[in-house]
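These notes concern the structure reproduced below.
Side chains included, hydrogens not; waters and symmetry mates left out as well; all remaining heavy atoms used.
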Amino acid sequence: MNDIASRGYVSGANSSSLQTAWRWFAGLGVALILLGLCASANLFLATVATIYYVGALMLFGGVLQIFHAAAARNWGVWLFGGILYLLAGLAVFNDPLFAAAFLTLLLAVSLGLSGMARLWFGLRVDLAGRGWLIASGVASIAAAVLIGLGWPVNAIWILGFVLAIDLLFQGVALLGTGLAMRTALRG
């Protein structure tokens, strides 16, 4: 509490809200860790859930864009975009395995390109800690190569694996934040 109070983060009213906040952080962290473990237990199911989630978002976005087209002055562009989103969302629901393969390939390409950009930037600039940037670029390129070498067979599990890892890391980060807040409050 000393460090938090000395920086002015905690007043009498804020203290009770921080008491509640650390529990929410820790609780959400535990929930995300459990979801990550569930996703890692069945990577195929997690991949299918991810694909259907993306498809649902595309359908919802398409409907919103079509409604926006009705109110927009230049409605043709918005209507066309909305129809494309709807078609893409329907295609995802029609063939989720093809959508998983396509998104896995897109993931490999984007990881490779972002890794090359970080590697190039890290080698060209003179920054403190640029080794981390170079290492991050090399790791992304390596992940892209591994995904690319296994494609399209790995498409049935790779998106679920990424989801599981993301849920686990977010959960650990939130749990750690909540516990650090509790420790600081008890000071």
Side-chain angles (χ1 to χ4, degrees), residues 1-10 14 18 21-22 24-26 28-33 35-37 39-40 43 46-47 49-51 53-55 57-58 60-61 64-65 77-78 81 84-85 88-89 92 98-185 187:
M1 174 110 165
N2 299 351
D3 189 40
I4 291 177
S6 68
R7 293 184 182 183
Y9 296 138
V10 176
N14 271 350
L18 282 177
W22 83 260
W24 279 103
F25 273 93
L28 182 58
V30 168
L32 289 177
I33 289 169
L35 286 172
L37 291 173
S40 66
L43 296 177
T47 295
T50 301
I51 293 301
Y53 179 71
V54 169
L57 289 177
M58 291 173 136
F60 185 68
L64 288 180
Q65 229 170 339
V77 172
W78 299 109
L84 283 179
Y85 262 114
V92 165
F98 174 76
F102 179 76
L103 288 177
T104 301
L105 184 61
L106 187 63
L107 174 66
V109 169
S110 62
L111 279 172
L113 291 175
S114 68
M116 285 188 278
R118 277 177 286 166
L119 180 61
W120 179 82
F121 186 72
L123 292 172
R124 305 245 330 152
V125 297
D126 188 23
L127 293 173
R130 74 182 186 149
W132 289 106
L133 191 60
I134 292 169
S136 170
V138 169
S140 290
I141 292 168
V145 168
L146 288 174
I147 292 170
L149 288 175
W151 188 84
V153 175
N154 61 5
I156 62 171
W157 63 267
I158 204 77
L159 297 175
F161 177 73
V162 171
L163 174 66
I165 295 298
D166 183 59
L167 287 169
L168 288 169
F169 272 84
Q170 283 189 64
V172 168
L174 287 172
L175 178 60
T177 300
L179 294 177
M181 288 170 69
R182 182 187 70 173
T183 301
L185 285 168

Quick one: pull up CH2 in W157 and OG1 in T104 and give me the separation to the nearest 0.5 Å. 9.5 Å
Could you point out which residue of T47, I147, L105, L146 forms a side-chain contact (heavy atoms from CB on, under 4.5 Å) with I158? I147
Nearest 0.5 Å please: distance from the CH2 atom of W22 over to the CZ atom of R182. 4.5 Å
If you take all heavy atoms of R118 and G137, which pair is closest and at what distance? CB-CA, 4.1 Å
For the student: nearest non-hydrogen atoms of F121 and L133, plus distance: CD2-CD2, 3.3 Å
For a quick test of reading the model, state the closest non-hydrogen atom pair linking A155 to A101 and the distance between them. CB-CA, 3.5 Å
Quick one: does L167's side chain get under 4.5 Å of I33's, heavy atoms only? no
Of all heavy-atom pairs linking A39 and A164, the shortest is CB-CB, 3.8 Å
Which word best sums up how the rings of F102 and F98 line up, parallel for under 30°, tilted for 30 to 60°, or perpendicular for over 60°? parallel
To the nearest 0.5 angstrom, please state how far the OG atom of S136 sits from the CD1 atom of I141. 9.5 Å
CG of L111 to CE of M116: how many Å apart, nearest 0.5 Å? 10.5 Å
If every non-hydrogen atom of A46 is compared with every non-hydrogen atom of L163, which pair is closest and at what distance? O-CD2, 4.0 Å
Inspect the surroundings of CH2 in W78 and state if more than 12 heavy atoms from other residues, nucleotides or ligands are less than 6.0 Å away. no
As an exercise, state the distance from CD of Q170 to CD1 of I165, rounded to the nearest 0.5 Å. 12.0 Å
The reported gap from CG in L106 to CG in L159 (rounded to nearest 0.5 angstrom) is 10.0 Å
